[in-house]
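Scroll down for the structure; my scribbles are underneath it.
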Amino acid sequence: MKLATFNVNSVRARLPNLMEWLDTAQPDVVLLQEIKVETGGFPQMGDWHCAVHGQKTYNGVAILSKTPVEIISTSLVPDDPQARYLEARIGGVTVIDVYVPNGNPVENEKFPYKLRWLEALYERAKVLLHEETPFLIGGDFNIIPQAVDCHNPTAWEGDALYRPETRAKWHQLCHLGLADAFRALHPNEAHAYTFWDYQAGAWQRDNGIRIDHFLLSPQIADRLVSCTIDKAPRGKDKASDHTPLILEIEP
DNA sequence: ATGGTTGTTCCACAA
């Protein structure tokens, strides 16, 4: 079973690139973030089953699946006005699609909102682990876990993606027993990025960061086959600033 | 240190 997570930075602006990539990569399940469209405005996706939690202009998450997908929840933080969470069941697996708040600038309310959001995700993961539900969390976490996950750590000091409080939340999730699928299989690999800014030639200079992740519950981690970054979409015309992360698990 | 780019929307805001 091949799953992918892809922050498309507007599903409508990215539709030709997305369709081409789906045709090439042939995933079974795709977690999309930043669809930037209301739920009802999500494009027709042919024979894909779609679960969508969208809003106007900003944010928005969706799951595409070759097999039926049942929405379990679209709410993580109570009364969250921002569409960032989608929990669904596909076959026997609970698939959670997240678009974690960016958190910048750290001086205003955006940073505590990010930390509250991550705390709620931690609490949800604890419940699912206690229930022994096989699950995975994929998406744009807006977290650079370690120095090796960015080109120039000094440049990220103080940024909400790399602040100690942010990375502490990530490590709390991992210490619950969730596996960072990419890092588990590529322990020391550097320059393994999933995002390159549009600005200042970041892509050409490989000035990237690894912020898109799959976290696996123990039952899913036992089925882990591979986890790879598909850099090709980032090099296309009209590319998103993110590129897909692909996860293969035993059926 | 600054500026660099993209998407949505209506021009600033988010990333």
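Chain letters run A, B, ... following the sequence lines, proteins first and then strands; every chain starts at 1.
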Between A/Asp80 and A/Arg116, is there a side-chain N and carboxylate O pair less than 4.0 Å apart?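 Salt bridge absent between A/Asp80 and A/Arg116.
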P-based separation of B/dC10 from B/dA14 [nearest Å]: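 Per the computed distance, 14 Å lies between those P atoms.
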Using the C1' atom in both, what is the distance from B/dG3 to B/dA15, to the nearest Å? 15 Å
Touch check for A/Arg234, heavy atoms < 4.0 angstrom, all strands: base, sugar-phosphate only, or nothing? nothing
Under 4.0 Å between any heavy atoms, over every strand shown, what does A/Phe195 touch: base, sugar-phosphate, or nothing? Just pick one. nothing
Would A/Arg84 and A/Tyr99 count as a cation-pi pair here, with the cationic atom under 6.0 angstrom from the ring centre and within 45° of the axis?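 Yes - A/Arg84 lies over the ring of A/Tyr99, closer than 6.0 Å to its centre and within 45° of its axis.
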Would A/Arg210 count as a cation-pi partner of A/Phe195, with NZ or CZ less than 6.0 Å from the six-membered ring centre and within 45° of the ring normal?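 No, A/Arg210 does not sit over the ring of A/Phe195.
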Figure out the [atom1]/[atom2] separation between [X] and [N], and round it to whole Å.
X	N	atom1	atom2	answer
A/Lys236	B/dT6	NZ	P	18 Å
A/Asp159	B/dA15	CG	P	12 Å
A/Leu15	B/dG7	CG	C1'	15 Å
A/Ile35	B/dT8	CD1	C1'	14 Å
A/Asn207	B/dT5	CG	C1'	14 Å
A/Glu34	B/dA14	CD	C1'	8 Å
A/Asn7	B/dA14	CG	C1'	12 Å
A/Lys56	B/dA14	NZ	P	16 Å

Within the side chain of A/Thr166, is there an N or O that forms a donor-acceptor pair under 3.5 Å with the backbone of A/Ala160?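 A pair under 3.5 Å: yes.
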Examine A/Ile96 and A/Val100 and state if one hydrophobic cluster contains both, with Ile, Leu, Val, Met, Phe, Trp and Tyr joined whenever side-chain heavy atoms are less than 4.5 Å apart. yes
Could you check A/Lys36 against A/Tyr58 and say which one's nearest nucleotide on DNA chain B is further toward the 5' end?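 Nearer the 5' end of the strand: A/Lys36.
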Between A/Val11 and A/Asp140, which has a closest nucleotide on DNA chain B that is more 5'?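 Closer to the 5' end of DNA chain B: A/Val11.
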Minimal non-hydrogen separation, A/Ile211 against A/Leu161, with atom names: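 For A/Ile211 and A/Leu161, the tightest heavy-atom pair comes out as CG2-CD2, 4.0 Å.
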What pair of heavy atoms forms the shortest contact from A/Ala125 to A/Leu173, and how long is it?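 That would be CB-CD2, 4.2 Å.
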In residues 101-113 of chain A, which residues come under 4.0 Å of DNA chain B by heavy atom?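 Listed by number, they are A/Asn102, A/Lys110.
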Taking only N and O in the side chain of A/Arg14, is any of them less than 4.0 Å away from OP1 or OP2 of B/dG7? yes
Which nucleotide sits closest to the side chain of A/Asn59: B/dG4, B/dA15, B/dT8? B/dA15
